[in-house]
Amino acid sequence: MLPCKGQCYNRVSKNRCFYEERTDLSEIKVRFAPSPTGPLHIGGARSALFNWLFARRYNGKVVVRIEDTDLERSSRESESNILSSLRWLGLDWDEGISVGGPNGPYRQTERLELYKQYTEELLASGWVYRCYCSEEELATQREAQMAAGEMVGYTGKCRDLFEEDCKRLEGEGRRPVLRFRVPQGKVLTIRDQVRGDVSFDCNGIGDFIIVKSDGIPTYNFAVVVDDYTMGITHVVRAEEHLSNTPLQVLLFEAMGWPVPEFAHISLILGQDRSKMSKRHGATSIQQYRDMGYLPEAMINFLALLGWSTGTEDEVFTLDQVKESFSLERVAKSPAVFDLEKLNWLNGYYIRHSPVEKIAELAVPYLQQAGYLPEIVDDRLMEKVRLVTVAVREYLEYMAQIVDYAGVFFDDPAYDDPEAKEVLSQEQVPVVFGALRDKLTNAGTLDEAGVKAMLKKLPKELGLGGKNVYQPLRVGLTGKTKGPELYHLLPALGGPKATERLERALAQARG
RNA sequence: GGCCCCAUGGUCAAGCGGUUUAAGACACCGCCCUUUCACGGCGGUAACCCGGGUUCGAAUCCCGGUGGGGUCACCA
C-alpha cells in the first residue's frame with residue numbers, strides 16, 4: 001500500500017493522513033443501513049453513494065443492513081422500494097440483505113437473539129440498569145428541563161435501584177427499559193474523517209435507553225452490535241448522526257470493541273436552508289425516477305453535492321467518480337438542493353445518451369398520454385425514435401416529452417391567432433402545393449433528404465426563406481415554434497404531412 | 001435553551017499563508033448560430049459574514065461575535 005509522503009493526496013485533514021490510520025486498505029468495510037420507514041430519500045441516496053464510492057475506491061466491501069427496530073413505522077414495502085432505488089442508481093453491495101453473507105441475518109428484527117446476548121453482558125458488568133420511569137413521567141420532566149433551560153436528559157432516578165425495588169415496580173405492572181450508565185466527568189473525542197476531532201462532555205449526556213420496554217433494542221445499541229459483528233471499519237453517514245456518535249462510542253468502549261472510523265457528511269438542505277423534507281417537493285429517488293430522471297444524472301448530481309473532483313470536471317460517470325473519490329474532498333458545509341442544476345444535468349444526459357435508449361424511456365410517458373398503444377411494434381418504435389430525435393433537446397426530464405410530442409400524434413387545430421395570421425399569407429397555397437408535390441415523389445423521408453429538399457424550396461418558388469418555412473411549420477403543426485422541419489417531416493411521414501397541409505389550407509380558406 | 005457542526009457570488013463549489021486584479025458549473029443577462037423555439041458557441045453581472053489577533057504577507061491559521069443548520073424520543 002502507498003505510504004504517506006507528506007504531500008499526500010489522501011490527507012484527511014491538515015495534519016492527518018488516511019494511510020497512517022488504516023494500514024490495510026483492503027480491509028475497508030462500510031455499510032448502508034436504511035430504516036425502512038419510507039422510500040429512499042435524496043439524502044439517504046447520497047449517503048449510500050458516498051459509502052459505496054469510498055469502499056469501491058479502496059477495494060473495500062459494502063454491506064446493506066436493514067434497521068427496522070421501529071416496529072411501528074417499518075414496512076417490507078419500504079424496504080423493497082429502497083433496495084430497488086439503490087439498484088436503479090447502480091449501487092451494488094457485497095454482503096447484506098437479499099445477497100446474504102457470513103454475518104447475517106441483515107435485518108435487525110432478525111438479530112434479536114444476538115442483541116439479547118450482549119444485553120446480558122452489559123447488565124452483568126453493570127453498564128446498564130433497569131429503569132421503570134414511564135414515558136409520561138419522562139415527558140413532563142423533559143418539558144420542565146426545557147423550560148428551565150437546563151440540560152435535557154435522564155436524571156438517573158432508577159440508577160441505583162435494588163432488586164426489591166425492581167420487583168415492586170414490576171408488580172405495579174411497569175415494564176423496564178434498559179439504560180446505559182453514562183460515565184460522568186469524561187470527555188469523549190471522536191475522530192471524524194471529514195470534521196476532524198469532535199469532543200463531547202459526557203456530563204451533557206443523559207443515561208440513554210438501549211433496550212425498549214418491549215425488549216427491542218434502540219438504534220444506538222443495535223448499530224453498535226451490528227457494526228462490530230459485521231466488521232464495519234468506517235461509518236459514513238449524515239451529520240444528523242454526529243450527536244449520536246458519542247453514545248455509540250461509549251457502547252463500543254463498554255463492550256471492549258474497537259471503535260470504527262467515522263465520517264459525517266453534511267446535510268442536504270431545501271431552498272429555505274433547512275433539512276430537506278417532503279415540503280421541499282420531490283425528495284425520494286422513486287419520484288425522480290418516475291418523472292424520468294436518469295440514474296446517471298442523479299448519481300452525477302448527488303456526487304457533486306458535497307464533493308468535487310478538484311478539477312473543472314462536472315459531468316462524469318459512476319465509474320469515473322469511483323476512481324477519484326476521497327473523503328478528504330468531502331465538503332463540511334451543508335449543500336442546498338438545486339433542482340435547476342439537476343434539471344440541466346439530466347437534460348444533458350438526455351441529449352447525450354444514445355437515442356434508442358432515450359426513445360425506450362419515452363414510451364411509457366407517451367402511452368400514458370394516449371399517444372401510443374399498449375403494444376408498440378417496430379414501426380411505431382421507429383416513429384418514437386424519430387420523435388425523440390426531434391424533441392429531446394427540449395427535455396429536462398422524460399415526463400416533459402408529452403408537452404412536445406403532441407404535434408406528432410394529434411392533428412393541429414389551427415386555432416392559434418398567430419398561426420392563423422401566418423396561414424392567411426398569400427403565398428401559402430403555392431408553398432404547400434410545392435411541398436406536397438415533392439413529398440408525393442419522395443418515398444421514405446430521411447433527415448438528410450428532407451434537409452436538401454427544404455433547402456432548395458425557397459429558390460424554386462422565388463420566395464424568401466421565412467415566407468416558406470414559417471407557413472410550413474404552422475401548416476404542419478399549427479404552431480409557430482417547434483422542432484426542426486427536417487426532424488418533423490420524417491417522423492410525420494409523407495402522407496400525414498400532406499394531409500395536414502391540406503387541412504390547414506381548408507381552415508385558412510374556411 | 002444546552003450541546004455539536006458549518007460559514008467564498010442566488011445555488012453547487014475551487015482555493016489548504018505569497019502564483020488570486022478569487023477557478024469552474026447551474027441560474028441570470030447580452031451577442032452569435034438557427035429564416036421558429038430549444039440545443040450549441042462566445043461574452044458579461046455577481047462572492048471571501050463581522051471584529052480582533054498571528055505573520056513581512058490571511059479567503060486561507062487562532063480567538064471572539066454574528067448568522068445558518070443539526071441534535072436533545074421507549075425514531076432512526
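This is a predicted model, so every value here is computed, not measured. Just the heavy atoms: all of them, side chains too, but no hydrogens, waters or symmetry mates, feed the values below.
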Q) Within the distance-only criterion (no hydrogens, no angle test), does the side chain of A:Ser424 pair as donor or acceptor with the backbone N or O of A:Glu421 below 3.5 angstrom? A) yes
Q: Using only side-chain N and O atoms of A:Lys275, determine if any of them is under 4.0 Å from OP1 or OP2 of B:G68.
A: no
Q. Hey, is the side chain of A:Ser243 poking within less than 4.0 Å of OP1 or OP2 on B:C4, counting only N and O atoms?
A. no
Q: Using the side-chain hydrogen bond (donor to acceptor under 3.5 Å, both in side chains) rule, collect all pairs that involve residues 204-214 of chain A, keeping only residues at least two apart or in two chains.
A: A:Tyr129-A:Asp207, A:Arg159-A:Asp207
Q | B:G52 and B:U66, which share atom name C1', separated by this distance in whole Å | A | 14 Å
(Q) Need one value for A:Gly206: base, sugar-phosphate or nothing, where a base atom within 4.0 Å counts as base even if backbone is also close, heavy atoms only. (A) nothing
Q. Between B:A13, B:C6, B:A25, which one does the side chain of A:Arg195 approach most closely?
A. B:C6
Q. Taking a pair as Watson-Crick or G-U wobble with both distances under 3.5 Å, which nucleotide is matched to B:G64?
A. B:C50
(Q) Under 4.0 Å, counting only non-hydrogen atoms across every strand here, what does A:Phe200 touch: a base, just sugar-phosphate, or nothing? (A) sugar-phosphate
Q) Can we say A:Glu296 and A:Lys357 salt-bridge, meaning some charged N sits less than 4.0 Å from an Asp/Glu carboxylate O? A) yes
Q: Using the C1' atom on both, measure B:C16 against B:A73 and round to a whole Å.
A: 41 Å
**Q.** Whole-Å P distance, B:G1 and B:U11
**A.** 25 Å
**Q.** Side chain of A:Asp338 - closest among B:G70, B:U11, B:G24
**A.** B:U11
Q) When we call it a touch if two heavy atoms are under 4.0 Å apart, what does A:Glu72 touch: a base, just sugar-phosphate, or nothing? A) nothing
**Q.** Pairing nucleotide - B:A13, Watson-Crick or G-U, each distance under 3.5 Å
**A.** none
Q) Which one, B:U36, B:C16, B:A27, comes nearest to the side chain of A:Glu328? A) B:C16
(Q) How long is the straight-line distance from CZ of A:Phe252 back to OG1 of A:Thr245, given to the nearest 0.5 Å? (A) 10.0 Å
Q | A:Leu304 vs A:Thr311, nearer the 5' end of RNA chain B by closest nucleotide | A | A:Leu304
Q: Using the side-chain hydrogen bond (donor to acceptor under 3.5 Å, both in side chains) rule, collect all pairs that involve residues 451-475 of chain A, keeping only residues at least two apart or in two chains.
A: A:Lys438-A:Glu460
**Q.** A:Gln271 vs A:Ser199, nearer the 5' end of RNA chain B by closest nucleotide
**A.** A:Ser199
Q: For B:C28, give its Watson-Crick or G-U wobble partner with both distances under 3.5 Å, or none.
A: B:G44
Q) Who is the Watson-Crick or G-U wobble partner of B:A76, with both distances under 3.5 Å? A) none
**Q.** Atom-pair distance (CE on A:Met151; P on B:C3), nearest Å
**A.** 11 Å
Q.
Check this for me: does any side-chain nitrogen of one of A:Arg65 and A:Glu67 sit under 4.0 Å from a carboxylate oxygen of the other?
A. yes
Q. Roughly how many Å is it from CG in A:Leu472 to P in B:U35, rounded to a whole number?
A. 14 Å
Q) Out of A:Tyr293, A:Phe337, A:Tyr348, which residue meets the ring-ring contact (aromatic ring centres under 6.0 Å, His included) rule with A:Phe301? A) A:Phe337
Q: Quote, to the nearest angstrom, the C1' distance that separates B:U21 from B:A25.
A: 22 Å
Q) Going by distance alone, is a donor N or O of one side chain under 3.5 Å from an acceptor N or O of the other, for A:Ser324 and A:Arg329? A) no
**Q.** d(CD1, A:Ile265; P, B:C6) in whole Å
**A.** 15 Å
Q. If you look at every strand shown and take non-hydrogen atoms under 4.0 Å, does A:Gly204 touch a base, only sugar-phosphate, or nothing?
A. nothing
**Q.** Expected output: side-chain A:Glu137 to main-chain A:Cys133 donor-acceptor under 3.5 Å
**A.** no
Q.
Please give the distance between the P atoms of B:U60 and B:C26 as a whole number of Å.
A. 29 Å
Q) Could you give the CG-to-C1' distance, from A:Asp313 to B:C26, as a whole number of Å? A) 16 Å
Q. Which part of the nucleic acid, if any, lies within reach of A:Arg473 when heavy atoms closer than 4.0 Å are counted: base, sugar-phosphate only, or nothing?
A. base
Q | Inter-nucleotide P distance (B:G68, B:G9), Å rounded | A | 15 Å
Q: Quickly work out the A:Asp272 CG to B:G10 P distance and round it to whole Å.
A: 17 Å
**Q.** B:U19: pairing nucleotide in any strand, Watson-Crick or G-U under 3.5 angstrom
**A.** none
Q) Closest to the A:Glu340 side chain: B:A27, B:U36, B:C39? A) B:A27
Q) Got a salt bridge between A:Glu239 and A:Arg195, using NZ or NE/NH1/NH2 to carboxylate O under 4.0 Å? A) yes
Q. Using purine N1 to pyrimidine N3 plus N6-O4 or O6-N4 for Watson-Crick, or N1-O2 and O6-N3 for G-U wobble, both under 3.5 Å, which nucleotide pairs with B:U34?
A. none
Q.
Could you tell me how far apart A:Asp403 (CG) and B:A38 (C1') are, to the nearest whole angstrom?
A. 14 Å
Q: Look at the side chain of A:Glu239 against the base of B:G70 and say whether a donor-acceptor pair falls under 3.5 Å; ignore hydrogens and angles.
A: no
Q: Go ahead and name the base partner of B:G2; Watson-Crick or wobble counts if both distances stay under 3.5 Å, otherwise write none.
A: B:U71
Heteroatom pairs (N/O) under 3.5 angstrom, protein to nucleotides 74-76 of chain B:
residue	atom	partner	partner atom	Å
B:C74	O2	A:Ser213	N	2.8
B:C74	O2	A:Ser213	OG	2.7
B:C74	N3	A:Ser213	OG	2.9
B:C74	N4	A:Cys133	O	3.4
B:C75	OP2	A:Lys212	NZ	2.8
B:C75	O2'	A:Asp70	OD2	2.7
B:C75	O2'	A:Arg73	NH2	3.1
B:C75	O2	A:Arg73	NH2	3.2
B:A76	OP1	A:Thr69	O	3.4
B:A76	OP1	A:Thr69	OG1	2.6
B:A76	OP1	A:Asp70	N	3.4
B:A76	OP1	A:Lys212	NZ	2.9
B:A76	OP2	A:Tyr219	N	3.0
B:A76	O3'	A:Glu67	OE1	3.0
B:A76	O2'	A:Ser35	OG	3.1
B:A76	N6	A:Asn244	OD1	3.0
B:A76	N6	A:Asn244	ND2	2.9
B:A76	N1	A:Asn244	ND2	3.1

**Q.** A:Ser308 side-chain proximity, nearest of B:C4, B:A14, B:U35
**A.** B:A14
Q. How many Å lie between CD on A:Glu143 and P on B:G2, as a whole number?
A. 19 Å
Q | Complement of B:A59, any strand, by Watson-Crick or G-U distances under 3.5 angstrom | A | none
Q) Expressed in angstrom and rounded to an integer, what is the separation of A:Lys481 atom NZ from B:A38 atom P? A) 7 Å
**Q.** Closest listed nucleotide, where the reference is the side chain of A:Ser333 and the choices are B:A7, B:G70, B:U35
**A.** B:A7
Q. Does A:Arg329 have a side-chain nitrogen or oxygen under 4.0 Å from the phosphate oxygens OP1 or OP2 of B:A14?
A. yes
Q. How far, in whole Å, is B:U55 from B:C63 if one measures between their C1' atoms?
A. 16 Å
Q: Check whether any side-chain heavy atom of A:Tyr288 lies under 4.5 Å from a side-chain heavy atom of A:Leu342, and answer yes or no.
A: yes
